[in-house]
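Report on the following structure.
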Amino acid sequence: MNMNREEFLHKLSGGLAATCVACLAAACSSENPGPISPATGSNPTGNTAGTTVNLDSELKNINDFVAKNSTIIIRTASGNAVTSFLAFSSVCPHAGATVEYNNSTSSFLCAAHGSTFNSNGGLVQGPATKGLTKLTVEITGSTLTVKA
């Protein structure tokens, strides 16, 4: 079968387009996170247990936050009571990228695929299908510890 140049290019470009679409779909699926590394930072395993904050020097004002060891900790009220803080895993439930907190809007954003979460970690917009993992906070003296 002889094919002219136009037919050859048309067949070639159609096959490449299908391949590109398949690759993009796989990259955004929750089963195959692609090249995005889970929870970048000092603790890439996503293990948040044992993260500590010194309340004498950090999280002094309402809406202050700390992001470390795959954890985001936010002060929501005055005083050093457990109820004055929220802690969440910074690992996006969609594909494992790192979620960032925006204290001016009291919301979370995963820049990798655009998932957004409200101030309580609840899902606002996907592709994630669930909210952020909420973590338990304990306070001893002026040390806040996050438990998984």
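- Expressed to the nearest 0.5 Å, how far CG of Leu109 lies from CZ of Phe117 amounts to 9.0 Å.
- Under the 4.5 Å side-chain heavy-atom criterion for ILVMFWY residues, a single connected hydrophobic cluster contains both Val82 and Leu55.
- Here Phe65 pairs with Tyr101 under the ring pair (Phe, Tyr, Trp, His ring centres under 6.0 Å) rule; sequence neighbours left out.
- To the nearest 0.5 Å, the span separating CD1 on Ile139 from CG on Leu144 amounts to 5.0 Å.
- Around CD of Glu100, the count of heavy atoms belonging to other residues, nucleotides or ligands within 6.0 Å does not exceed 12.
- When all heavy atoms of Ile72 and Ala67 are compared, the closest pair comes out as CG1-CB, 4.1 Å.
- Taking both residues in full, the closest heavy atoms of Leu132 and Pro93 are given as CD2-CD, 3.9 Å, listed atom of the first, atom of the second, then distance.
- In this structure, the separation between CD on Glu138 and CZ on Phe85 is 13.5 Å, given to the nearest 0.5 Å.
- For Ser142 (side chain) and Asp56 (main-chain N/O), no donor-acceptor pair under 3.5 Å exists by modelled atom type.
- Nearest heavy atoms, Val91 versus Gly96: CG1-CA, 3.8 Å.
- Contact annotation: the side chain of Ser106 approaches that of Asn63 to within less than 4.5 Å [non-hydrogen atoms, C-beta and beyond].
- Annotation: side-chain hydrogen bond (donor to acceptor under 3.5 Å, both in side chains) contacts involving residues 75-87, sequence neighbours excluded, comprise Arg75-Asn80.
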Taking distance alone, no hydrogens or angles, what donor-acceptor pairs closer than 3.5 Å link side-chain atoms of residues 118-127 to residues at least two apart or in another chain?
residue	atom	partner	partner atom	Å
Asn118	OD1	Asn120	N	2.9
Asn118	OD1	Gly121	N	3.1
Asn118	OD1	Gly122	N	2.8

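- Residue Phe88 holds its CZ atom at 8.5 Å from CG of Leu135, rounded to the nearest 0.5 Å.
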Quick one, Asp64 with Glu58, criterion side-chain contact (heavy atoms from CB on, under 4.5 Å). Give me CA distance, side-chain angles, the key distance, then yes/no. CA-CA 8 Å; Asp64 280 355; Glu58 300 177 275; over 6 Å; no

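- Of the candidates Thr133, Val146, Val53, Val146 is the only one forming a side chain to side chain contact (heavy atoms under 4.5 Å, CB included) with Thr71.
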